[in-house]
Structure formats: C-alpha cells, structure tokens
Protein chains: 2
Amino acid sequence: MKRKRLRSHCPINFGLESFADKWSLLIVRDIIFRGKTTYGEFLKSEEGFATNILATRLTHLEEEGILEKRVNPDDARKNQYWLSEKGLDLVPMLFEMILWSSKYDPKSEARRITKLVEQIRKDNRKISHKIMERLRKGLPIFPEYLD
Amino acid sequence: MKRKRLRSHCPINFGLESFADKWSLLIVRDIIFRGKTTYGEFLKSEEGFATNILATRLTHLEEEGILEKRVNPDDARKNQYWLSEKGLDLVPMLFEMILWSSKYDPKSEARRITKLVEQIRKDNRKISHKIMERLRKGLPIFPEYLD
DNA sequence: TTGATTCACTTGCATATTGCAAGTAAACGG
DNA sequence: CCGTTTACTTGCAATATGCAAGTGAATCAA
C-alpha cells in the first residue's frame, strides 16, 4: 500500500488519485455489478482492457487497499480479487454516479435498471448497505434489480 | 459538445469519460468549494495545473456541457466558467467522495470541515440541494461549514 | 495615445504513459 | 509428460503530459 506522495489532501483529489483513472473504477464495477473476480474475467469487459493496463491497475488498487488478492484454493492459477471494506465503501459514490449518468446519458444502461435507480434515488444509504452486505458474502447486486 | 465515441454506455464508464481524469474534477471542485471562476484562479490551485492541461480540460468540460464559458462584462480578458445544471448535479457524488476520503485519508482536509461532513452523512440529498441552490446564485458553499 | 502589464491561452520539446502484439512461466488436465 | 489455460511481462510505436517560452487581445497608467 505504498503511495507516491499525494498532490494534496483535498478529499476530491484523494479520490481521484485513489481510483479515478479511466480504468480502475471499471474493475470495481465489474466486481460489484458483474460478480467478476479474476484477471481473465476483467479482461473480457466491453471497454477492452489492454493486458498490461489491467495488470498495473489491479496492482494499484491492491496497493491502495481497495482490492485484496487471494489465490483460488481450487485452482492456483486463478487469482481472485475481492473488495476490501475500503473498496466496498465506494458503493454509495458509484450509486450517485449512476444517478448522474442515468440523467445525462440518453443511452445509459442505467435506464434499463429502473428498480435499482429508483431505490438509489429514494435512499442511497439504505440500498448501499444492503448491497454491501451481499457483497461481503460474495454475492453481487440483487439480481431482481438488474432485470 | 462533441464526443469521440464512448467505450460503452455503462453509467460508471460514462462518468469516467465525462469528468474523471486526474484534473477535470479539480476544476469543478474549485468552483464549488473555492468560488473560483477564471483560468488564472484555477491555475493557482495547489495541485499545480500545467497551463496547457488546464486549457484542454476547460474545453473538455465545456464540450461535455458541464461548464459554461462567459465573458466577464467588466473585463473582457477574464473569461468566467460556471457550472451548468449538469455540472451542479455532480454535487451529491462529490459529497459521497468526500465522505469516503474523510474516512480513509487520515490527513484529509475533510476532517477539518466536520459540520459539512456531518450534514452529508445525515442527509446528502438535502444538503446537496441547499448548496446547489446557492451555487445557482453565484455563491459557493456555506462559509459556516468551512470553519 | 502609447507603452507596460495582465490575462488567457498556444507552441515546442523532452519525458511519461498507453495500447497493441508477442512472449513467458507456473498450474492444471489428460 | 505434454498440451492448454491463466496471469501476467516485455518491446515498441503512438499518444498524452509537464515545463518553459511565446502570442495576442484587453486594460491600465501616464
């Protein structure tokens, strides 16, 4: 969890330097919404990770303490990446991002998961905690919200 | 408001491509929290914008419809950048980011604005709307929250 | 009115980061 | 033991960044 000197301790800057490049947050998304855990699964994402970029970002997120790497006991080739509590705590912010995109991107995929978006709008904190609880158990988002 | 083809319409990706490089969101922050409006003011930010980077990011945010550029009627050299409604709508997400950083950065400046952080924790939506209302009038964050 | 200054950029160039293709090494499966 | 899968690493061309210097319009001071 090393870190090359922060530009500042402004909380917005801290967030930017922790996770907000064009790729890192997609990994977090893949874990939360798609239930992905391995390098190979992330690699298949539609945005198209380059192999080296994915590797550096996984390392970065691990160093930041947002991800935790574990070896799959059933197949030692497959490393698994899980969200730490610090990573899980990104859920409420991601949900606000979803609300924003849903409002301003006419083609947003968020417009197809209206149940979840509605829950977030009504009470982000409440639904976030529910989802985080599920993620701790290794389960992704409630499937019934993704219809 | 051009845009080179999005990688996807995933709402997280849409946010990332709209504002989440290491610089753009700092401009938004400067407007909301520091009441800045001009190129010269942004340039003084502690994170240290390079002049060309600042210029490209201002253009980008304008093209995204997050900022609006106006000429200062009192001094035609000084362009002013204001948040559009789309830009203002980033406030709730920025506030969640502040909560997260406040929790995980021991040196976070957010830990010195406990009143605001407390308000966000209690009811992000409510305090966000209040702040957005002020920003529409050209006023930054309530000064009493920044003690 | 004119010359100096301010302001918002733009340009040039060295350095750093990205993206693609190819390669490697350990673990598994037969 | 041998081919395959998985998770990376490496090389290299293309792109983006960061710093210093320059430009041009608007304002100010005399």
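- Computed from coordinates, the B/D21 CG to C/dT17 P distance equals 15 Å when rounded to whole Å.
- Using a 4.5 Å heavy-atom cutoff, the side chains of A/T51 and A/Y39 are in contact.
- Counting non-hydrogen atoms under 4.0 angstrom, B/N52 reaches a base of the nucleic acid.
- Mapping B/A50 and A/G40 onto DNA chain D by nearest heavy atom places A/G40 at the nucleotide closer to the 5' end.
- Using modelled atom types, one finds a donor on one side chain and an acceptor on the other under 3.5 Å when comparing B/E47 with A/S8.
- Listed pair B/N79 / C/dC9 meets the phosphate criterion, a side-chain N or O lying under 4.0 Å from OP1 or OP2.
- Note on A/Y81: only backbone sugar-phosphate atoms sit closer than 4.0 angstrom, heavy atoms only; bases stay farther off.
- Side-chain N/O atoms of A/S18 and A/K86 include no donor and acceptor closer than 3.5 Å.
- Comment: B/E17 engages B/R7 in a salt bridge, judged by a side-chain N to carboxylate O separation of less than 4.0 angstrom.
- Nearest nucleotide to the B/A55 side chain, out of C/dT10, D/dA26, C/dA27: C/dT10.
- Look at CH2 on B/W23: it is 8 Å from P on D/dC19, rounded to the nearest Å.
- Within the nucleic acid shown, A/F49 has no heavy atom closer than 4.0 Å to any nucleic acid atom.
- Judged by distance alone, with hydrogens and angles left aside, B/R77 brings a side-chain donor or acceptor within reach of the base of C/dT6, the pair sitting under 3.5 Å.
- What separates CG of B/L58 from P of C/dC9 is a distance of 7 Å, to the nearest Å.
- If you find the closest nucleotide of DNA chain C to A/R57 and to B/Y39, the one lying nearer the 5' end belongs to B/Y39.
- Per the geometry, NZ belonging to A/K78 stands 15 Å off P belonging to C/dA27, to the nearest Å.
- Counting atom types as modelled, A/T38 pairs no side-chain N or O with a base atom of D/dT6 as donor and acceptor under 3.5 Å.
- The residue among A/T56 and A/A76 whose nearest nucleotide of DNA chain C lies closer to the 5′ end is A/T56.
- Atom CG in B/L54 sits about 10 Å away from atom P in C/dA8, given to the nearest Å.
- The interatomic distance linking B/L43 (CG) with C/dT10 (P) rounds to 13 Å, in whole Å.
- Backbone-only engagement by A/K69 is indicated by non-hydrogen atom pairs under 4.0 Å involving sugar-phosphate atoms exclusively.
- Under the 4.0 Å criterion applied to side-chain N and carboxylate O atoms, A/K107 and A/D105 are not assigned as salt-bridge partners.
- Spacing between atom CD of B/E47 and atom P of D/dG18 amounts to 12 Å, rounded to whole angstrom units.
- Across the protein-nucleic acid pair, A/K22 atom NZ and C/dT17 atom P stand 16 Å apart, rounded to whole Å.
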